[in-house]
Amino acid sequence: MSNLQNSTIQGFRPIIPKQPKILVLGSMPSVKSLEDEFYYAHSRNAFWPIIENLTGRSLKSISEKISALDDLGIFLWDVLQACERQGSLDSAIRNPEANDFEGIFTDYPEIQAVCFNGQAAEKLFRQHVLKHQSLPAGLVYRSLPSTSPANAKLKIEDKYLIWEENLRPFL
């Protein structure tokens, strides 16, 4: 567990639906997510409640969450495959290593949109992916408010509305 508090951390494998339409990208898993070995594990993170809202289903288990993403066509991943970071804050990320998005878009050309879970994910993507990897033209990029509890500027209801407004056209 020492790598959760310090040093290099590794991200998760992507969750890939059968028919991906939207790529939703976070920056890097939080300490809580790394401990639980699954995306957005913090109890106050709004990501899974937003997905529940979109599907109209309660999502308790990991398999239910994966199934909901599959039903929606949401490909879930992070911009980074590895970095150095102490704690969970994106501002603490050092030595970021981006995931291979060229390969993803080659394997899944039906993805129409890339939605960023927060400004840090978008910034990391622009710096470490767009400048170094060749991606398809015509992708739609949307920056959405972070679902992290650290983003307390918006109420959860407002996050729901913004996420739904941006995801619905691609679902």
Q) Taking C-beta and beyond as the side chain, do I74 and P17 meet within less than 4.5 Å on heavy atoms? A) no
Q: State which residues pass salt bridge (charged side-chain N to carboxylate O under 4.0 Å, His left out) with D70; sequence neighbours excluded, sorted by chain then number.
A: K18
(Q) Using a 6.0 Å cut-off, check whether atom CD of E37 has over 12 heavy atoms from anything other than its own residue. (A) no
Q. If you measure from CG on D107 to CD on E110, what distance do you get to the nearest 0.5 Å?
A. 9.5 Å
Q. If only atom types and distance count, is the side chain of D100 paired as donor or acceptor with the main-chain N or O of E102 below 3.5 Å?
A. yes
Q: Without swapping roles, check the side chain of N117 against the backbone of T147 for a donor-acceptor pair under 3.5 Å.
A: yes
**Q.** CG-CH2 distance between L54 and W163, expressed to the nearest 0.5 angstrom
**A.** 9.5 Å
**Q.** Taking every non-hydrogen atom, the tightest pair across C115 and L167
**A.** SG-CD2, 3.7 Å
Q. Nearest 0.5 Å, what's the CG-CD distance between L124 and Q119?
A. 12.0 Å
(Q) Please check this pair: side chain of W48 against backbone of S43, looking for a donor-acceptor N/O pair closer than 3.5 Å. (A) no
Q) Is there a donor-acceptor contact under 3.5 Å from the side chain of N166 to the main chain of I162? A) yes
Q) Checking D90 side chain against A120 main chain: does a donor-acceptor pair fall under 3.5 Å? A) no
Q) Between H128 and H132, how do the two ring planes meet: parallel, tilted or perpendicular, split at 30° and 60°? A) parallel
**Q.** Q81 side chain to G11 backbone, donor-acceptor under 3.5 Å
**A.** no
Q.
Are there over 12 heavy-atom neighbours, none belonging to Q19, within less than 6.0 Å of that residue's CD?
A. no
Q: Side-chain contact test, heavy atoms from C-beta onward, threshold under 4.5 Å: evaluate it for L130 versus L135 and give yes or no.
A: yes
Q: Please indicate whether Q112 has more than 12 foreign heavy atoms, meaning atoms of other residues, nucleotides or ligands, lying under 6.0 Å from its CD.
A: yes
Q. Does the side chain of I51 come within less than 4.5 Å of L69's, by heavy atoms?
A. yes
Q) Can you tell me if NZ on K123 sees more than 12 non-hydrogen neighbours from other groups inside 6.0 Å? A) no
Q. Got more than 12 heavy atoms from elsewhere within 6.0 Å of CZ, R13?
A. no
Q) Okay, side chain of K159, backbone of S146: is any donor-acceptor separation there less than 3.5 Å? A) yes
Q: Quick one: pull up OG in S148 and NZ in K32 and give me the separation to the nearest 0.5 Å.
A: 14.0 Å
**Q.** Side-chain donor or acceptor of E52 paired with backbone N/O of L59 under 3.5 Å
**A.** yes
(Q) Can you tell me how far apart CZ (F75) and CD1 (I16) are? Round to the nearest 0.5 Å. (A) 4.0 Å
**Q.** Ring geometry between Y141 and F125 (parallel below 30°, tilted from 30 to 60°, perpendicular above 60°)
**A.** tilted
**Q.** Reference residue P29; test side-chain contact (heavy atoms from CB on, under 4.5 Å); the match among D78, D36, I9
**A.** D78
Q) With no hydrogens and no angle check, is any side-chain donor or acceptor of T8 less than 3.5 Å from a backbone partner on E84? A) no
Q | Ionic contact status for K60 with E64, cut-off 4.0 Å | A | no
(Q) Counting only heavy atoms from other residues, nucleotides and ligands, does the tally under 6.0 Å from CZ of R57 exceed 12? (A) yes
Q | E122 side chain vs L144 backbone, donor-acceptor pair below 3.5 Å | A | no
(Q) Do N53 and E164 make a side-chain contact, defined as non-hydrogen atoms from C-beta onward lying under 4.5 Å apart? (A) yes
**Q.** Residues that T106 engages under side-chain contact (heavy atoms from CB on, under 4.5 Å), provided they are two or more places apart
**A.** none
Q) Excluding sequence neighbours, so at least two apart, what forms ring pair (Phe, Tyr, Trp, His ring centres under 6.0 Å) with Y39? A) F12
Q. Under 4.5 Å between any side-chain heavy atoms of L171 and I22, yes or no?
A. yes
